[in-house]
Amino acid sequence: MSVNERTYIMIKPDGVQRGLVGNIIARFEQRLVQATEAHLENHYSDLKGKPFFPGLIKYMASGPVVAMVWQGLDAVKTGRAMLGTTNPLQSPPGSIRGDFALAVGRNICHGSDSVESAEKEIKLQGVVQYTTSLETWIFE
Ligand code: UDP
Ligand code: MG
């Protein structure tokens with residue numbers, strides 16, 4: 001018996017297509033990715049030199065994170081709108097940061113700020129692509 005024992009859980013195509021990913025992740029709330037400091041320094045390279053940069057990298061590497069890529073119409077702006085602003089105090093109720101966070105350095109979720117940043121961040125993470133059959137019901 002080991003506290004470091006690992007298991008591989010895979011949500012299969014039927015689970016993904018049926019929109020059960022969030023439900024299943026909520027049940028596990030388990031580690032998916034622990035980013036290295038090198039990965040995070042690259043991810044946040046636009047902020048290198050900011051006073052909060054060393055603390056940000058240390059905190060982001062301190063535990064597991066859950067990484068996701070979402071695709072769709074205006075996905076970047078929609079994601080940012082759902083998150084709220086960087087400072088939770090200025091995030092409206094109903095937004096993720098507005099509802100769940102209190103401190104700028106503990107604002108719950110990252111979201112790409114532009115299409116270019118998203119491409120860079122996704123490439124750094126590494127993902128595969130798939131097409132959902134619901135697409136024609138969502139987009140005109
Ligand atoms: N951050 C911080 N202090 C600041 C500004 C930002 O700790 O004064 C943290 C905060 O967690 C933020 C992250 O650094 O989410 C990245 O900053 P950015 O300006 O990119 O904000 P975001 O795009 O996450 O809203
Ligand atoms: Mg940012």
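We count ligands from 1, going down the list as the structure has it; atoms in each ligand are counted the same way. Hydrogens, waters and symmetry mates are skipped; everything else that's a heavy atom, side chains included, is used. These numbers were taken from a predicted model, which means no experiment stands behind them.
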Could you give the distance from [atom1] ([X]) to [atom2] ([Y]), rounded to the nearest 0.5 Å?
X: L102; Y: N107; atom1: CG; atom2: CG; answer: 11.0 Å
X: E121; Y: N42; atom1: CD; atom2: CG; answer: 9.5 Å
X: I57; Y: E41; atom1: CD1; atom2: CD; answer: 5.5 Å
X: S95; Y: R80; atom1: OG; atom2: CZ; answer: 11.5 Å

Atoms in ligand 1 flagged as close to V104, the criterion being non-hydrogen separation under 4.0 Å = 3 (N), 10 (C), 11 (O)
Ligand-residue contact atoms, ligand 1 with N107, heavy atoms, under 4.0 Å =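 Under 4.0 Å from N107, ligand 1 has these atoms: 10 (C), 11 (O), 12 (C), 15 (O).
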Just going by heavy-atom distances, which of F52, F53, Y44 is nearest to atom 9 (C) of ligand 1?
->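 When every heavy atom of F52, F53, Y44 is considered, F52 comes closest to atom 9 (C) of ligand 1.
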Close N or O approach (G111, ligand 1; < 3.5 Å) =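 Between G111 and ligand 1, no N or O pair is found under 3.5 Å apart.
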For D113, is at least one N or O under 3.5 Å away from an N or O on ligand 1?
->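 No: no nitrogen or oxygen of D113 is under 3.5 Å from one in ligand 1.
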Under 4.0 Å, heavy-atom basis, I'd like to know which part of [X] is in contact with ligand 1: side chain, backbone, both or neither.
X: R80; answer: side chain
X: T86; answer: both
X: L47; answer: side chain

Check if R97 has a non-hydrogen atom at a distance under 4.0 Å from any atom of ligand 1.
-> yes
V104 reachable from L47 in the ILVMFWY side-chain graph, under 4.5 Å edges = no
Do I122 and V76 share a hydrophobic cluster, counting only Ile, Leu, Val, Met, Phe, Trp and Tyr and linking them when any side-chain heavy atoms are less than 4.5 Å apart?
->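 I122 and V76: separate clusters.
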Starting from atom 7 (O) of ligand 1, which protein heavy atom do you reach first, and at what distance in Å?
->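 The closest heavy atom on the protein side is G105 CA, 3.6 Å.
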I would like to know whether K120 and S45 meet side chain to side chain contact (heavy atoms under 4.5 Å, CB included); could you show each step before the answer?
-> CA-CA 11 Å; K120 175 198 155 189; S45 58; 2.7 Å; yes
